Amino acid sequence: MFKGALPGFRDFYPQELAERAHIMRIWREVARRYAFVEYDGPPLEPLDLYTKKSGDEIVGQLYNFVDKGGREVALRPEMTPTVARMVAARANALRKPVRWFSMPQLFRYERQQKGRLREHYQLNVDLFGTSDIAADAELVACAVDMMRAFGLESSDVVVRVSDRRILHAFLRSLGVAEEAIGGVYGVIDKLERTPAQVSGEKLAALGVPAQAIERIITIASVTFDEVQARIGASSAAEQVEEFARFLRYVPALLGGDARWLQLDLSIVRGLAYYTGIVFELFDRSGEFRAICGGGRYDNLLKSLGGADMPALGFGMGDVVLGELLRSRGLMKPESTAADVWLGAAESVPLEQVMAEAARRRGAGESVEYALRTQSMSKQRKAAQASGAREFVDLSNDGNDGRNG
RNA sequence: GUGGCUGUAGCUCAAUUGGUUAGAGCACCGGUCUGUGGCACCGGGGGUUGCGGGUUCAAUCCCCGUCAGCCACCCCA
């Protein structure tokens with residue numbers, strides 16, 4: 001017996017491919033509703049496209065090698081550098097805002113576990129060239145609408161949203177020193193997975209005032225009212241007002257449904273390049289990893305050496321989403337069965353069956369038949385097992401019928 | 001990369017303290033049933049028990065290594 005797929009890679013048998021196709025069909029359908037247009041880039045990129053953004057450490061998580069032309073290359077682990085390059089190359093020619101989406105297969109060399117493989121398909125939806133908070137709302141609403149299109153409801157999924165600038169101002173107001181902000185982000189990012197006492201000790205080590213430590217440990221429960229009270233009149237007043245609009249815009253885009261959003265300042269999303277709104281979608285049961293994550297990254301294009309253009313986007317992978325849909329009985333792949341199964345008595349020449357198959361196939365029908373003469377009961381059984389919608393008996397005309 | 005748990009047919013599982021030729025259901029293939037049966041019955045293919053060593057008269061079972069899966073770290077672009 002030969003071995004299976006490489007660790008972290010998947011064989012897509014027809015059943016699995018139908019499920020993947022279902023996910024991608026919904027992604028594409030909803031993205032188009034929001035007037036995003038599809039693009040793609042190469043799966044293989046120059047290695048330095050990624051090291052430039054993330055440093056050399058990222059090489060440990062890449063599938064990289066030297067190609068036969070001596071180039072350092074890597075399978076793409078993410079789409080952002082590629083799309084940043086593509087947008088930058090035509091920055092002046094593209095109509096703004098640029099609304100693009102893609103569904104690339106991405107690769108990362110990591111130890112696999114549930115919800116994390118070494119390859120996956122990830123929807124990327126991005127907006128370039130607009131600073132307005134309405135764009136942020138549009139993006140979040142699009143992600144939520146995808147959940148709805150899959151049959152998920154606000155009782156299943158929640159959007160936990162934060163804002164880098166508000167979190168920064170909030171922490172400063174608590175007396176956190178500017179130099180300690182980065183370290184505090186790191187602690188907040190791990191709050192859910194760390195005992196409170198350990199987090200407290202780490203914060204103390206960063207020089208965070210004692211009375212601020214408790215508030216930071218429970219920062220996930222901070223309400224917007226509290227944010228307004230604490231920093232609404234500070235230098236961050238403008239950001240707070242902007243966030244208030246965001247909190248109105250998203251429900252407006254969802255037809256008045258305000259149940260999806262939840263302010264959660266503990267959402268940090270790594271320590272990466274986000275500059276404003278950051279958000280993640282979770283199943284409310286807490287059973288799975290984040291379904292989707294994204295935010296605003298206004299400085300990234302410039303830092304990659306491209307155009308200086310505000311940008312925001314999110315990514316949604318097929319693995320966690322698929323696990324969630326299956327667990328909720330919402331994975332409804334399209335049928336792979338044929339439209340028609342042609343049967344005929346053993347006295348009927350195969351050519352006659354083939355001629356009918358040709359006629360129907362020419363008309364766009366999906367047609368299967370026995371590929372040899374066979375007893376009628378055998379053919380009926382095969383037709384039934386195939387799931388074909390209709391069984392047509394060519395032995396005597398007028399004997400067509402539903403299959404099964 | 002680190003640690004823990006687990007590996008028997010395509011799937012779900014058996015196999016006496018270590019003891020004949022490793023079994024069953026489902027699935028698959030062939031056949032019977034000429035009547036609408038996702039029936040029934042008969043038959044068949046499919047396993048180096050993940051792989052490699054070791055202990056033993058004898059290993060699916062015990063020990064070591066390795067690979068793979070799951071989980072927790074790391075990381076999450």
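Here is the naming used below: chain letters follow the sequence lines, and residue numbers restart at 1 for every chain. Only a predicted model underlies this, so the values are computations on that prediction, with no experimental measurement involved. Note: hydrogens, waters and symmetry copies are ignored here, and every other heavy atom, side chains too, is used.
Residue A:Gln61 places its side chain closer to B:rA77 than to any other of B:rG3, B:rA77, B:rC33. In this structure, the nucleotide among B:rC76, B:rA77, B:rC33 sitting nearest to the side chain of A:Arg108 is B:rA77. For A:Gln384, whose side chain is taken as the heavy atoms from C-beta onward, the closest listed nucleotide among B:rA72, B:rA77, B:rG37 is B:rG37. When each of B:rA77, B:rC75, B:rU36 is scored by its nearest atom to the side-chain atoms of A:Arg380, the top-ranked nucleotide is B:rU36. Closest to the side chain of A:Lys378, out of B:rU2, B:rA72, B:rG31, is B:rG31. Listed nucleotides B:rA77, B:rC73, B:rG69 differ in distance to A:Pro7; the shortest reach to its side chain belongs to B:rG69.
Nucleic acid contact for A:Arg372: sugar-phosphate only, since backbone atoms but no base atoms lie under 4.0 Å from a heavy atom of the residue. Across all strands shown, A:Lys381 has heavy atoms under 4.0 Å from base atoms, whether or not it also approaches the sugar-phosphate. Residue contacts for A:Gly8: at a heavy-atom cut-off of 4.0 Å it reaches the sugar-phosphate backbone alone, with no base atom in range. Here A:Pro77 lies in heavy-atom contact (under 4.0 Å) with a base.
Atom OH in A:Tyr185 sits roughly 16 Å away from atom P in B:rC76 (whole-Å rounding). Between the CD atom of A:Glu110 and the C1' atom of B:rA72 there is a distance of 15 Å, rounded to whole Å. Straight-line distance from the CG atom of A:Leu6 to the C1' atom of B:rG69: 15 Å, rounded to whole Å. Between the P atom of B:rG10 and the OH atom of A:Tyr13 lies a distance of 10 Å, rounded to the nearest Å.
A donor and an acceptor atom never sit less than 3.5 Å apart when one is taken from the side chain of A:Gln112 and the other from the base of B:rG69. Between the side chain of A:Arg116 and the base of B:rC75, at least one donor-acceptor pair of N or O atoms lies under 3.5 Å.
A distance below 6.0 Å separates the ring centres of A:Phe243 and A:Phe246.
Of all heavy-atom pairs spanning A:Asp339 and A:Gly364, the tightest one is OD2-O, 4.4 Å.
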